[in-house]
Amino acid sequence: MDTLQFLADGFGVAFQWHNILFALIGVIIGTAVGVLPGIGPMSGVALLIPVTATITSGMPTGAAAASSIILLAGVYYGAMYGGSTTSILLNTPGESSSVVTTLDGYQMAQQGRAGAALAISAIGSFVAGIISLIGLVLLAEPLSNVAIKFGPAEYFSLMLLGLAAVSGLAGKSMTKAIMMTVFGLMLGTIGIDAVSGIARFTYDQPILFSGLEFLTIAVGLFALGEVVKTVLEKDEETGSIAKINRILPTKQDMKDSTVPIVRGSLLGFFIGVLPGAGATLASFFSYTTEKKLSKNPEKFGKGHIAGVAGPESANNAASGGAMIPLLTLGIPGSGTTAILMGALIMYNIQPGPLLFDEHPEVAWGLIASMFIGNLMLLVLNMPLVRVFAKIIQTPKKYLLPMIIAISFFGVYAVQYTTFDLYLLLGCGVLGYLLSKNDYPVAPLVLALVLGPMIENNMRRALTISNGDFSIFVTKPLSLLFILAAAAWLLVPLLLKLKGRKIIINEED
């Protein structure tokens, strides 16, 4: 009964006119971000953090945080919707979790069924969003109640698991992913040490005493990094866009899609809850599951609608599932949720078990807004499919200056220092060099967010145990998390040694 009351209060927050507007802006921008190849949800969310911070600057902290996170989450799950558009029309995934959609979606478009493919992907995404939100409502309160009982040792081990999960599953090379994690942890140590008050790695520069700003690094690595890549590699799209005829799917399309949509939604949700797994893994799993369970597996890859319905439902359900560890445990399970966590911390709101007690308007307002946002996406995506298809044709010469302007104005509006603008530029070049050489950026961002929290919890645990490190293995839950973290790193390694290919990408 308490949960229903909290959800009702959340709808009270979500139905405030400015929050409805923020949710609408978020899902429209998110769909556009998903539609534009190469930008992806991480870049989109990072780019908009300074914009939301500026818009909400006059509001009280709780209200500002709720409005900002409603808009940013809208961008996140809106991008999951939009990514299918380019996959189906251009054979170019808008973001990595839509890679699988190209296999059957583009074939359907070639057969003149682009409208049906886009409509089923919108319906599947809506159903998946609602299923994952019901799961979020049911699990949020019990999980946060369990997590309240965690001590510093359990928190240290849980955050270690979050890091290991993303490092173990990001990019093509695990070594490179772990290197990036360590680099992120190192960057997180810059500044005044909270316990001893000693300046670390600041080289007597007062500007570094407060550490490197997460926002500047995230916007630089993702948004500006993408700009540098496009400029240097003259990344022009040459594909021709498939024509959209009939938008509404046929009765047979609906019949063929219903079970894959439900199955993909459930599978995606549970994979999304696992830290590090993310939407890309969910869509791959869903596609292989549908193919194995199908009576006609030979139809897959030739324009079979179940090959669109399952993966598209799975990647949207995974984005809802990923909110559970973020909100209840304070563990971001993917690059995008790490950026959302950084946005909340900017407002001095710590995601985790106490979030539901201390800031219920933020937690439940976000959950309620996701119901509204998913409905908005369904209403928008069906009639506006042709409009979003036109966005794909936006010339880069107009798009890139807009991204650069938003990046610089946004970061300066929040930070007010020229040092951050130089750091932004440096991170843009670094982001390009890292992605060009297959170094995944998501583990770096995650480590930068989690690093200080891991250090603080480790110190608190060691203070309790008088410096005895065995506290991390004598507490059963802590030991379980450490073993899970070790397994997360070792299992992909063993699979690679046996010659098995693991196809995971980091853009979740």
Side-chain angles (χ1 to χ4, degrees), residues 42-43 45-47 49-50 156 159-160 162-168 170-171 173-226 228 276 330-332 334-346 350 407 411 414-415 417-459 506:
M42 278 200 282
S43 307
V45 174
L47 192 60
I49 291 176
F156 167 79
M159 286 169 185
L160 214 56
L163 269 189
V166 172
S167 304
S173 162
M174 207 165 118
T175 311
K176 287 179 176 178
I178 291 170
M179 285 168 68
M180 295 307 291
T181 305
V182 172
F183 184 39
L185 288 171
M186 288 164 66
L187 290 179
T189 60
I190 295 171
I192 300 284
D193 176 21
V195 177
S196 63
I198 294 168
R200 301 187 296 189
F201 308 110
T202 56
Y203 305 102
D204 295 327
Q205 299 295 319
I207 196 82
L208 291 174
F209 286 171
S210 57
L212 296 179
E213 180 56 44
F214 157 82
L215 167 70
T216 311
I217 290 175
V219 174
L221 288 175
F222 294 114
L224 271 195
E226 216 41 69
V228 174
I331 297 292
S334 67
T336 314
T337 47
I339 292 169
L340 288 173
M341 183 172 177
L344 281 171
I345 292 169
M346 271 178 59
Q350 181 63 54
S407 300
V411 166
V414 175
Q415 290 304 115
T417 66
T418 49
F419 168 78
D420 276 271
L421 297 182
Y422 290 123
L423 181 62
L424 180 70
L425 265 177
C427 286
V429 175
L430 182 66
Y432 163 68
L433 293 173
L434 290 173
S435 65
K436 186 177 170 63
N437 293 290
D438 283 327
Y439 284 88
V441 185
L444 187 155
V445 172
L446 193 63
L448 189 64
V449 172
L450 289 183
M453 293 152 69
I454 289 174
E455 185 184 8
N456 289 340
N457 280 296
M458 185 177 84
R459 283 176 158 186
E506 55 163 306

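For the numbers below, each heavy atom of this structure counts, side chains included, while hydrogens, waters and symmetry mates do not. One-based numbering along the sequence shown.
- Pairs passing the salt bridge (Lys or Arg N to Asp or Glu O under 4.0 Å) check and including a residue from residues 198-209, sequence neighbours excluded, read Arg200-Glu455.
- In this view, Ile207 and Gln205, Thr417, Phe419 satisfy the side-chain contact (heavy atoms from CB on, under 4.5 Å) rule, not counting sequence neighbours.
- Every residue two or more places apart in sequence or in another chain that forms a side-chain contact (heavy atoms from CB on, under 4.5 Å) with Phe201 is listed here: Thr189, Ile190, Tyr203.
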N/O donor to acceptor pairs below 3.5 angstrom from side-chain atoms of residues 177-188, sequence neighbours left out:
unit_1	atom_1	unit_2	atom_2	d
Thr181	OG1	Ser167	OG	2.5
Thr181	OG1	Ala177	O	2.9

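- A 4.5 Å side-chain heavy-atom check between Met346 and Met341 finds every atom pair outside the cut-off.
- Legend: salt bridge (Lys or Arg N to Asp or Glu O under 4.0 Å) pairs involving residues 187-196, not counting sequence neighbours, sorted by first then second residue: Asp193-Arg459.
- Applying the side-chain hydrogen bond (donor to acceptor under 3.5 Å, both in side chains) test to pairs two or more places apart or on separate chains, those with a residue in residues 207-221 are Thr216-Asp420.
- Nearest heavy atom pair, residue Gly220 against residue Leu424, reads N-CD1, 3.5 Å.
- In terms of heavy atoms, Leu47 sits closest to Ser407 at CD1-OG, 3.2 Å.
- By the side-chain contact (heavy atoms from CB on, under 4.5 Å) test, Ile192 pairs with Ala199, Phe209, sequence neighbours left out.
- Between Ile49 and Ala343 the shortest heavy-atom distance is CD1-CB, 4.0 Å.
- Applying the side chain to side chain donor-acceptor pair (under 3.5 Å) rule to Thr418 yields no partners; only residues at least two apart in sequence or on another chain are considered.
- Between Leu221 atom CG and Leu448 atom CG the span is 9.0 Å, to the nearest 0.5 Å.
- With sequence neighbours left out, the side-chain contact (heavy atoms from CB on, under 4.5 Å) criterion links Met458 to Phe156, Leu462, Phe472.
- Minimum interatomic distance between Val219 and Pro50 (heavy atoms only, all atoms of both residues): CG2-CD, 4.3 Å.
- Here the side chains of Leu163 and Ile454 are in contact, with some heavy-atom distance below 4.5 Å.
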